[in-house]
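Okay, so here's the structure we're looking at.
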Amino acid sequence: MPPPDSPPRQVLCLLVLALLLRPSLASGGGGGGGGGGELAYLWPLPAEFTAGGDTLSVDPALALVVGGNGGGSRIVKDAFDRYKSIIFQHSGVFSIFNALRKRASGYDIGRLRIVVRSGNEELQLGVDESYTLLVTKSDGKSIIGEATIEANTVYGALRGLETFSQLCTFDYSTKSVLVRQAPWYIRDEPRFAYRGLLLDTSRHYYPVDVIKHILDSMSFAKLNVLHWHMVDSQSFPLEVPTYPKLWQGAYTKWERYTVEDAYEIVNFAKNRGIHVMAEVDVPGHAESWGKGYPELWPSSSCREPLDVSKSSTFDLISGLLSDIRKIFPFELFHLGGDEVNTDCWTSTTHVKQWLQNHNMTGKDAYKYFVIRAQEIAISKNWTPVNWEETFNAFPQSLNPKTIVHNWLGAGVCPKAVAKGFKCIFSNQGVWYLDHLDVPWDQVYTAEPLEGISDASKQKLVIGGEVCMWGETADTSNVQQTIWPRAAAAAERLWSRRDATSAGDVNTTALPRLNHFRCLLNGRGVQAAPVTNQYPRSPSRGPGSCYGQ
Amino acid sequence: MPPPDSPPRQVLCLVVPALLLLLLRPTLASGGGGGGELAYLWPLPAEFTTGGDTLSVDPALALVVGGDGGGSRIVKDAFDRYKSIIFQHSGVFSIFNALRKRASGYDIGRLRIVVRSGNEELQLGVDESYTLLVTKSDGKSIIGEATIEANTVYGALRGLETFSQLCTFEYSTKSVLVRQAPWYIHDEPRFAYRGLLLDTSRHYYPVDVIKHILDSMSFAKLNVLHWHMVDSQSFPLEVPTYPKLWQGAYTKWERYTVEDAYEIVNFAKSRGIHVMAEVDVPGHAESWGKGYPELWPSSSCKEPLDVSKNSTFDLISGLLSDMRKIFPFELFHLGGDEVNTDCWTSTTHVKQWLQSHNMTGKDAYKYFVIRAQEIAISKNWTPVNWEETFNAFPQSLSPKTVVHNWLGAGVCPKAVAKGFKCIFSNQGFWYLDHLDVPWDQVYTAEPLEGISDASQQKLVIGGEVCMWGETADTSNVQQTIWPRAAAAAERLWSRRDATSAGDVNTTALPRLHYFRCLLNGRGVQAAPVTNQYARSPPKGPGSCYDQ
């Protein structure tokens, strides 16, 4: 395999040839976003692209042709079928009027060729998501014209399929699917390996189908990590076979996830190239655990953080992590560690006694708990992720593998990477989706590498994540709160910094984001109006989706 | 066919022994609002009895059909849909499952659906009754089964919905169970017309979103999508005879092709839902003139449609001819509301025409509505008009007219007294864009209020909740429709005594909470039930069942 940064050779040859042969009307890599020429209505913007002036028609009977060691993958076939039904959602209906219309004699694009170099379908952080997409008129040699996606992995092919689907638009006058501004030559790869969305199933329970719907919508924006904040103080919906009373902490007996549900979510996500990073937030956000196991509470009147003084607390964490390790293959695991108030420890007699015996303050015990939980996670072959308070409080004690998850404010990732830690950017001022006073452009312009100039340190920022905390988001409004702002962050994380940072975002990005919001609506995703002062507020009056 | 009110004979044969069985065994709950445990069904069936057994349902549940209509594609497709709803939790491979003891057998292995009639025509008043029996196997048969019997496929669809609501996923055994069995349900709707208005002019809804709404309607047994297709703001529909009409769409991407409209009608039919199209003339039609400016009285005064030109009515006739091919439902809505005739009386050539015909603006309004009615009737449609037409000129309306109430209370009583049919949509309760109306006011609104004569009551064909689209788009439309539309749906489906007796906070609210969570589980964005303003976010963390 070539290193992930270099494009596959075969594709490169095609690309170079294509660029030499014809003048382009628009070109990518910053130029396509900000510069002159027509806007490319793609979201997120590809790394490099050139467009032309042709309009090509796409056959509703579009056939899949595969190549390469990974081309025969079920993941590719399933994705092709999904995208085909998205692309042709308007067509193919019998109509008495259709009979009166002249059928086009042929289509420019009859086949989609997907070449996947590697047969390895392991979905690890940093998996090669690059792809090349060519959409050109038939050269005349072949009877059937085709579009081509080439990628090193099936996950790159998925990204290419999404981009291809965004090139295809339904033309109402001819009732056919067209690719405008062809020929398209696109070479694309993500800027960051980690492009996440946090979903909080403790403050409100989301049915499995709702989570699947969110995963689908993530794939449309090329987000690739679902950070599943599974449990918290309010409820514990997950089944844990080794500790079967834990999910007694669910709100009701109907608001729970079985082990099978969790597997299904992980598999559904994998089919869309999305990692699922589970979180078990210890010790501060865990009151609900004690519904089934009250001994985890310092006392029945003082229930958080988890009792640090008992070995059985850590035995349970170990058993819990063993069970969920089987479900979640992703190498990262989130241990939380935020907002720990140690009052219950220092005020409950037996814990206070234990602290004294071990010569610890509350703060020492907080560190002790987090480190011991990290050791458990590492022993199960996980890389621990912790919220930034752990780094802010005891950076020297954290395991060097730790990934620091920023949230409180700016400037944390620069400090973390300076000490050699990896970092995830989620500055709450811009990337907490429950903050309803943050407009789309503030989400868009937030820069994960701000304050980090050294290239080797920049590499330690693995990406960023928008956080959908669930206090006031339930099934009725969660998609509306996520979208369209999550898309603003998604482009920041996928596209080149120069493309997303140059020029006036109201001309380079806003028209494309309006378009993408309507695309989401067309795919059944409840994305809210883009420019309302408060996100997820209703449209102010009648009007076009494209203008609201 | 038996008259719609009497239960089908064959079904009766099953019900009678079942009722005998009831005499033999004590029941824990019985239907119609009385005492005992609540039946978590929405809307409440007409008659039902329950028991104390818990039955398991086989994830490989098989469909067995009978009767002339049992082999219908509609039945098979619906069974497949409901099967995936009922078993959405099950059937996933798991390394843990291997460690679990599998149940040796299931109580319900088959669902038998008997449909007496092979006629799939979906007309107003089509027989939607059904009988549903869910009992333990009597021991004679190896495989236990549940049975739905109906006169039409549409009754079978209603029975499938009810069956799906009886099935709950039990997390401790990871199986689907029917509690409170045996269930004997005989059900039929109180009103033939149970509608939801969707306004695709103020905001465009993609076809998939409309399908999602149709699916959700079927869960509440609503059966009419009143498609308010076009209005002043936009004209999204393709009209082959007048191909410039959809130039009135907001954008070239916010349109419905003829094929889209067919697909919506077919999708609805397979869920037993009529689609009643509306073309609201003459007052709500400014967008028509984008493609045909001659429809405007003048370029500065664009509404109502120009009454003075024959070409206006030629266009309406062509439009209705095109639409007649798409919409088989016998009712067609001609609007007729909120007509301000100032443009007529102030535009020179129209004013001239009024004078030469010796008409006032009000006369011309009547003239327009009646002429539009005649066009619709000539195309074999029954016209529906908003109540202003009835309020203004009841004597002139075609006697076939269905009067659509909206402005306030008391209109249906007046309309039925004059022999018109009526649809109840009092805006004070059943306009879903009125966000300050809580669920219980929606629930207790009574379409027959003020009508005591039984023959006149029969003229109220039902009611409709209206989802006007000024502030509802794809992002929030389902959240604005649900759960309040469900409150109206039970009022329209269930018996008046069941929905009107007792304290709704104990008879209905717990079931509505439950139904809202059921909708959420099926991917419908139903909002919290008891928030002060509809579609507002939950106030804080908590269970769906409490919010």
Side-chain angles (χ1 to χ4, degrees), chain A residues 89-90 93-98 169-170 172 175 202-205 207-210 213 234-235 239 241 247 251-256 258-261 263-264 326 470-477 479-480 518 521-524 526-529 536 538-548, chain B residues 88-90 92-97 168-169 171 174 201-204 206-209 212 233-234 238 240 246 250-255 257-260 262-263 325 469-476 478-479 517 520-523 525-528 535 537-545 547:
Chain A
Q89 59 178 332
H90 282 279
V93 179
F94 171 79
S95 152
I96 55 166
F97 294 105
N98 251 347
T169 54
F170 183 74
Y172 280 81
K175 300 199 178 180
S202 176
R203 274 59 177 259
H204 280 97
Y205 171 84
V208 172
D209 278 359
V210 174
H213 196 232
Q234 285 82 356
S235 76
E239 177 184 27
W247 70 350
Y251 281 128
T252 63
K253 61 182 178 177
W254 306 291
E255 290 169 298
R256 302 199 244 171
T258 62
V259 167
E260 292 81 3
D261 287 338
Y263 270 110
E264 187 161 332
K326 296 173 193 149
E471 279 84 351
T472 68
D474 64 10
T475 295
S476 71
N477 63 356
Q479 284 283 49
Q480 198 185 343
C518 302
N521 283 181
R523 296 182 184 187
Q526 297 80 31
R536 88 172 174 200
S539 63
R540 274 165 298 206
S544 164
C545 175
Y546 296 88
Q548 292 190 326
Chain B
Q88 58 178 333
H89 281 280
S90 311
V92 180
F93 170 78
S94 152
I95 54 167
F96 294 104
N97 252 346
T168 54
F169 183 73
Y171 280 81
K174 301 199 178 179
S201 176
R202 275 57 177 260
H203 280 98
Y204 172 84
V207 173
D208 279 359
V209 173
H212 195 233
Q233 286 80 358
S234 77
E238 178 184 27
W246 70 348
Y250 281 129
T251 63
K252 61 182 178 178
W253 306 290
E254 290 168 298
R255 303 199 243 172
T257 62
V258 167
E259 292 81 4
D260 287 338
Y262 270 110
E263 188 163 333
K325 298 173 193 149
E470 279 83 352
T471 68
D473 63 12
T474 296
S475 71
N476 62 357
Q478 284 283 49
Q479 197 186 344
C517 302
N520 283 180
R522 297 182 185 187
Q525 298 80 31
R535 84 171 175 203
K539 276 168 285 204
S543 164
C544 173
Y545 296 88
Q547 293 189 326

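Naming convention: chains lettered A, B, ... in sequence-line order (proteins, then strands); numbering from 1 in each chain. All values derive from a computational prediction rather than experimental measurement.
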Toward chain B, the part of Gln479(A) with a non-hydrogen atom under 4.5 Å:
neither

Counting C-beta onward and ignoring hydrogens, is there a side-chain heavy-atom pair between Thr475(A) and Cys544(B) closer than 4.5 Å?
no

Under 4.5 Å from any heavy atom of chain B, what part of Arg536(A) do you find: side chain, backbone, both or neither?
side chain

Could you have a look at Thr257(B), Val209(B), Val207(B) and say which one has the most heavy-atom pairs with chain A under 4.5 angstrom?
Thr257(B)

Heavy-atom pairs under 4.5 Å with chain B, option from His204(A), His213(A), Arg203(A) with the top count:
His204(A)

To the nearest 0.5 Å, what is the distance between NZ (Lys252(B)) and OG (Ser544(A))?
12.5 Å

Please test Ser234(B) against Glu254(B) for side-chain contact (heavy atoms from CB on, under 4.5 Å), starting from the C-alpha separation and ending with a verdict.
CA-CA 9 Å; Ser234(B) 77; Glu254(B) 290 168 298; over 6 Å; no

Would you mind checking which part of Arg522(B) comes under 4.5 Å of any heavy atom in chain A, side chain (CB onward), backbone (N, CA, C, O), both or neither?
neither

Look at Gly543(A), Gly541(A), Ala528(A) and state which one has the largest set of heavy-atom pairs under 4.5 Å with chain B.
Gly543(A)

Assign the ring pair Tyr546(A) / Trp253(B) to parallel, tilted or perpendicular, where the plane angle (0 to 90°) is split at 30° and 60°.
tilted

Between Arg255(B), Gln233(B), Gln547(B), which residue shows the highest count of heavy-atom pairs closer than 4.5 Å to chain A?
Arg255(B)

Which region of Pro542(A), side chain (C-beta onward) or backbone (N, CA, C, O), has a non-hydrogen atom less than 4.5 Å from a non-hydrogen atom of chain B, or is it both or neither?
both

Contact class of Trp247(A) relative to chain B, heavy atoms under 4.5 angstrom:
side chain

Would you mind checking which part of Thr471(B) comes under 4.5 Å of any heavy atom in chain A, side chain (CB onward), backbone (N, CA, C, O), both or neither?
both

Below 4.5 Å, heavy atoms only, C-beta onward: do Gln480(A) and Gln479(B) meet side chain to side chain?
yes

Considering only heavy atoms, which portion of Ala527(A) lies under 4.5 Å from any heavy atom of chain B: side chain, backbone, both, or neither?
backbone

With a 4.5 Å heavy-atom cut-off, do Arg535(B) and Pro538(A) have their side chains touching?
yes

Would you name the heavy atoms of Tyr172(A) and His90(A) that are closest together and state the gap between them?
OH-CE1, 3.0 Å

Structural part of Glu471(A) lying under 4.5 Å from a heavy atom of chain B:
both

Is there a side-chain contact between Pro528(B) and Asp474(A), using heavy atoms and a 4.5 Å cut-off?
yes

Considering only heavy atoms, which portion of Pro538(B) lies under 4.5 Å from any heavy atom of chain A: side chain, backbone, both, or neither?
both

Please state whether the side chain, the backbone, both or neither of Asn521(A) comes within less than 4.5 Å of a heavy atom of chain B.
both

Below 4.5 Å, heavy atoms only, C-beta onward: do Glu239(A) and Glu260(A) meet side chain to side chain?
yes

